2 protein chains.
Amino acid sequence: MTDSTSHVRDNPRTRPAKAPLSRQAVLAAALALVDEVGYAAVTMRRVAQALDTGPASLYVYVADRDELMAGVYDLALAAVELPGPADGDWRARLELLVSRLIATLGGHDDIALVAITRVPTGPQTLRILEETLTLLRAGGIDDAACPWAADLLDQYVTSSALELAARLRDQRAVTKAEGAAEATEEAMSRAARSELDAVYGELPAATHPTIHALRPAMTTAGRTSNTSAAWKLGVIIDGLLAHHPQP
Amino acid sequence: MTDSTSHVRDNPRTRPAKAPLSRQAVLAAALALVDEVGYAAVTMRRVAQALDTGPASLYVYVADRDELMAGVYDLALAAVELPGPADGDWRARLELLVSRLIATLGGHDDIALVAITRVPTGPQTLRILEETLTLLRAGGIDDAACPWAADLLDQYVTSSALELAARLRDQRAVTKAEGAAEATEEAMSRAARSELDAVYGELPAATHPTIHALRPAMTTAGRTSNTSAAWKLGVIIDGLLAHHPQP
DNA sequence: ACCTGAACACCGTTCAAGT
DNA sequence: ACCTGAACACCGTTCAAGT
């Protein structure tokens, strides 16, 4: 559709007043593209195109694609509101913060991949780290253990966000494929899960007795439901409270 | 160096008896390349080159790059030995299994990225899942919770392997940069950590009081040391034992 | 001084044409 | 029947040449 109107958009007279390029504009355009075409498909060329310029122009504002994506990651985190006193004690607030982080990051496709390649250090990341450490301390976690605990929670957030993003991707693919008629959760349960169910379900008891025995549990509940997410986070926090390594 | 001898290697008479192509040969060549040039730099063209053929020939044995890497991932897991009765009770065995998984995957650069994009279902993956579930059951974890617990452990393994891979990459870069004279652990502590230390260390108490207060803990111990890995795994297992969600 | 067109050195994947 | 050369449609990044 861009082609049919390109000579109109290219015309300086009809072009929508093209705001001057800036780092913020580049990051915002890239984040919008992540949502539209997916993380992997966001190329320097496509970002440039969205900004009505050439790819070379982006390098005035970002060092390379990696650094651009790190900026997008931090920009996405700006939408995460910190829980307040009204949200309960430290544990309730920490659980709320973590679930907001997973929902926000997972809502921008695979943007959480940024946190896997490098340790993010943007202002929004630091804002959330500060809050996480504060809540952990309020929970009585040893000062020496707090950074490790925050790191563990971060690993959990990142991998959960990527799992959520994959789930949403599957969901979109299915609803798009089948005329978008059925409920979203229902649609997903057959598509993405059916192949995995087939793998686990057909393993013979002779070679994989435990997987075979747990077959109903492995399929019914779903590996990445909302209840499993809450359960996992509960495990980690209970573990933080229970774990006292031999001194 | 390939150039100087290319006309010799290209000569069928001097070429080392080029084994016939097979899926196993392709996977093995790709795994060797992952170790040599890194996960991101393993291209279809480079794998083909290592096998003295063209990239198109690979598509007889693998569907695409993603599926090739999934095969490499499973191949890498073949080296993981399952703990036996001599290794202690279920918990000791589970801890040993997890640390072997992290060490093995992390030793092949970013190969663990495979487990983030898709849920691996290769034979080696299933062998290890079977053992993990067996150990969890032996530990008294509820049948219904075992798949979730295994999933949580898998998230921990994957992200820890990627952290380890990043640490080893930094280490190699530093030791290579400075004449390879000093001890490896020592070399790393200044390079990869110093920039992160700078970020945390220079945050003012006014805006980030907790990070500021915990500054010594965040730098001294290191975010990804062996002790922190053991601590984190201990937290998760203690959490699995302590967590009993409201019924 | 700032911007960018064009080029460089790559990619994954396909398929017609060969053996 | 099997294999692959050559081509297609892309990449990220650089830099000389323009304004």
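What you see below is based on every heavy atom in this structure, not just the backbone, and it leaves out hydrogens, waters and symmetry mates. Because the structure is a prediction, the values reported are computed rather than measured. In what follows, every chain begins at residue 1, and chains take the letters A, B, ... in the order their sequences are listed.
With A:Tyr39 as the aromatic partner, A:Arg46 does not meet the cation-pi criteria of under 6.0 angstrom to the ring centre and within 45 degrees of the ring axis.
B:Leu33 places its CG atom 16 Å from the C1' atom of C:dC11, with the value rounded to the nearest Å. Rounded to an integer number of Å, the gap from OH of B:Tyr61 to C1' of D:dC3 is 9 Å. Separating the CG atom of A:Leu58 from the P atom of C:dG5 is a distance of 12 Å, rounded to the nearest angstrom. In this structure, B:Met44 places its CE atom 17 Å from C1' of D:dC11, rounding to the nearest Å. Protein atom CG of A:Asp64 is 9 Å distant from nucleotide atom C1' of D:dT13, rounded to whole Å. Rounded to a whole Å, the CD atom of A:Gln49 is 13 Å from the P atom of C:dG5. Separating the OH atom of B:Tyr59 from the C1' atom of C:dA16 is a distance of 17 Å, rounded to the nearest angstrom.
Nucleotide D:dT19 forms a Watson-Crick or G-U wobble pair with C:dA1, both donor-acceptor distances falling under 3.5 Å. Here D:dT13 sits opposite C:dA7 as a Watson-Crick or G-U wobble pair (both hydrogen-bonding atom distances under 3.5 Å).
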Using salt bridge (charged side-chain N to carboxylate O under 4.0 Å, His left out), reason through B:Glu67 and B:Arg118 one step at a time and then give a plain yes or no. CA-CA 10 Å; B:Glu67 199 255 350; B:Arg118 49 163 75 200; over 6 Å; no
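The 5' end of DNA chain C is approached more closely, in terms of each residue's nearest nucleotide, by A:Arg45 than by the other of B:Arg46 and A:Arg45.
Remark: the backbone N or O of B:Leu164 is not paired with any side-chain donor or acceptor of B:Arg169 at under 3.5 angstrom.
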